[in-house]
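The block underneath contains the structure these notes are about, expressed in structure tokens.
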2 protein chains.
Amino acid sequence: MSTVDQRRVGRPSRPVLDRRRIGAAALKLVDDTGGFTLPELARRLGVQTPSLYHHVDGRAGVVELLREHMGRDIDISHLERRPWDVALRGFFRSYRAVFAAHPQAVPLLATSAVRSPEVLAAYEKMLVLLGEVGVPRGEAMAILTACENFVIGSALDFAAPDVMWELPDDVDAPHLASALADQTSPEHRADNAFEFGLSTLLASIADRSS
Amino acid sequence: MSTVDQRRVGRPSRPVLDRRRIGAAALKLVDDTGGFTLPELARRLGVQTPSLYHHVDGRAGVVELLREHMGRDIDISHLERRPWDVALRGFFRSYRAVFAAHPQAVPLLATSAVRSPEVLAAYEKMLVLLGEVGVPRGEAMAILTACENFVIGSALDFAAPDVMWELPDDVDAPHLASALADQTSPEHRADNAFEFGLSTLLASIADRSS
DNA sequence: ACCTGAACACCGTTCAAGT
DNA sequence: ACCTGAACACCGTTCAAGT
């Protein structure tokens, strides 16, 4: 009948895709479904699967895009604040909050930490902070790495279902059962653990300063 | 010519597969190649792919098998030792050492922590320890969770390539560069960070005891 | 440069058939 | 119960063709 079928072949007058749009759609897809597939991502973008390859390097490239996208959300400005512990606490909270905002994405990214220029710049600033406080240079990297490892582990914990702490009936663990029951706020189990660990690690930095 | 071709159809006189053998082969495969595929796993076991489904629930079931297999290697006996900090330190070191022995498997398992009966029993014992020391019951779970999160994050860190800390030429980060250079032993970067964080977390438990 | 359609190798899963 | 062979839907990736 009419020429409603606008299926087009060949290069469009203006590009319909760009890395930013792909990254946003991918993150949305992961948030919605817990995973992603190139065909499904392409469908959401109204495009054929191979089109993606003009902008990202396959599936691994999309994961990289997720990493970039979430890395941008980490609020580095905390590191401008003083005193140093307020700066670090704010930064690491933001770091974890970004993961917590996209729990389904965490397992995809956990393989390797974010190493974008922005994150490297953040490390640079944190090292300056530690230097100001008097932490020996040789120890600074170990301290920050420990903090980051803790943040990533905590993010994974947050992403994990709370159901994982349900005890099977056949295991006898009275102390564990009552400890789970005695939690001040079970719904914030992961948050409590995070705040505890973060405070602990930061306090130990104070100990190392001169 | 001869009947060398022993391809058989139907149920074998004695089972050729069992969960243990599948788990061991899967772990070996992951250690060797960094991943696994059901066809590849079946090939190594000298069996057809669908045969695996008689023993494990598909691909997810194999991951579960990996978890069980590695969980068995964690040395719980540390928790019988005293004083409490020796017990906990030994246990968490063993926990991480198991991951470190199979770095390629870590990303596969990181999604959810090990929650086998053995690990639950370990938690039970650790809670008894914390109780002996006088840690308030309401805080105990947060403390142990923080330790576990740290261990898992550290395991992922260990599994990550050290190359990730190579600085691109275009980023200007003098403090980061010198901090990396000043590390007491770069080849043990991940280990140093782990030992630092673990000591810190354990020390804070002492603070919480009465 | 950038999108499409067709094609390929490969993977996870199901199931009937056979002992 | 336990293994095989065949079959299916689906995925990631490549590439020539078209603008």
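Only this structure's heavy atoms are used, side chains among them; waters, hydrogens and symmetry mates stay out. Letters A, B, ... are given to chains in the order of the sequence lines, protein chains preceding strands, and every chain is numbered from 1.
Counting any heavy atom pair closer than 4.0 Å across all strands shown, P39(B) reaches sugar-phosphate atoms only and no base atom. Among the heavy atoms of the strands lying under 4.0 Å from T49(B) is at least one base atom, whether or not backbone atoms are also near.
One interatomic measurement links the two molecules: CG of L41(A) to C1' of dC3(C), which rounds to 15 Å at whole-angstrom precision. The nearest whole Å value for the distance from the CG atom in D57(A) to the P atom in dT13(D) is 8 Å. Atom P of nucleotide dT13(C) and atom CG of L52(B) are separated by 11 Å, given to the nearest angstrom. A straight line from CG of L38(B) to P of dC11(D) spans 17 Å, rounded to a whole angstrom. As a whole-Å value, the separation of L17(A) CG from dA1(C) P is 16 Å. Atom CZ in F36(A) sits roughly 18 Å away from atom P in dC10(D) (whole-Å rounding). Rounded to whole Å, the distance from CD on E40(A) to P on dC10(D) is 12 Å. Here the P atom of nucleotide dA1(D) and the CZ atom of R14(B) are 18 Å apart, to the nearest Å.
Between H54(A) and P12(B), the residue anchored nearer the 5' end of DNA chain D, judged by the nucleotide with its closest heavy atom, is P12(B). DNA chain C is contacted by both G46(A) and A60(B); G46(A) maps to the nucleotide lying nearer its 5′ end (nearest heavy atom per residue).
Counted by atom type alone, S199(B) and R89(B) present one or more donor-acceptor pairs between their side chains at under 3.5 Å. Side chain to side chain, R67(A) and S116(A) fail the donor-acceptor criterion of an N or O pair below 3.5 Å.
Taking the centre and axis of the six-membered ring of F196(B), the NZ or CZ atom of R208(A) falls outside the cone set by 45° and 6.0 Å. With F158(B) as the aromatic partner, R189(B) does not meet the cation-pi criteria of under 6.0 angstrom to the ring centre and within 45 degrees of the ring axis.
Base-pair partner of dA1(D): dT19(C) (Watson-Crick or G-U wobble, both distances under 3.5 Å). Look at dT13(D): its Watson-Crick or wobble partner, with both distances under 3.5 angstrom, is dA7(C).
Comparing atom distances between the T37(A) side chain and each of dC15(D), dG12(D), dC3(C) picks out dG12(D) as nearest. When each of dT13(C), dA6(C), dC3(D) is scored by its nearest atom to the side-chain atoms of R59(B), the top-ranked nucleotide is dT13(C).
Within the 4.0 Å cut-off from OP1 or OP2 of dT4(C), at least one side-chain nitrogen or oxygen of S51(A) is found. Using a 4.0 Å cut-off, no side-chain N or O of H55(B) falls inside it from OP1 or OP2 of dA1(D). Contact annotation: R11(B) side-chain N/O to dA1(D) OP1/OP2 distance is not under 4.0 Å. When the side-chain nitrogen and oxygen atoms of Q48(A) are compared with OP1 and OP2 of dC3(C), none of them lie within a distance under 4.0 Å.
Aromatic ring orientation, F92(A) versus Y95(A): parallel (interplanar angle below 30°, classes split at 30° and 60°).
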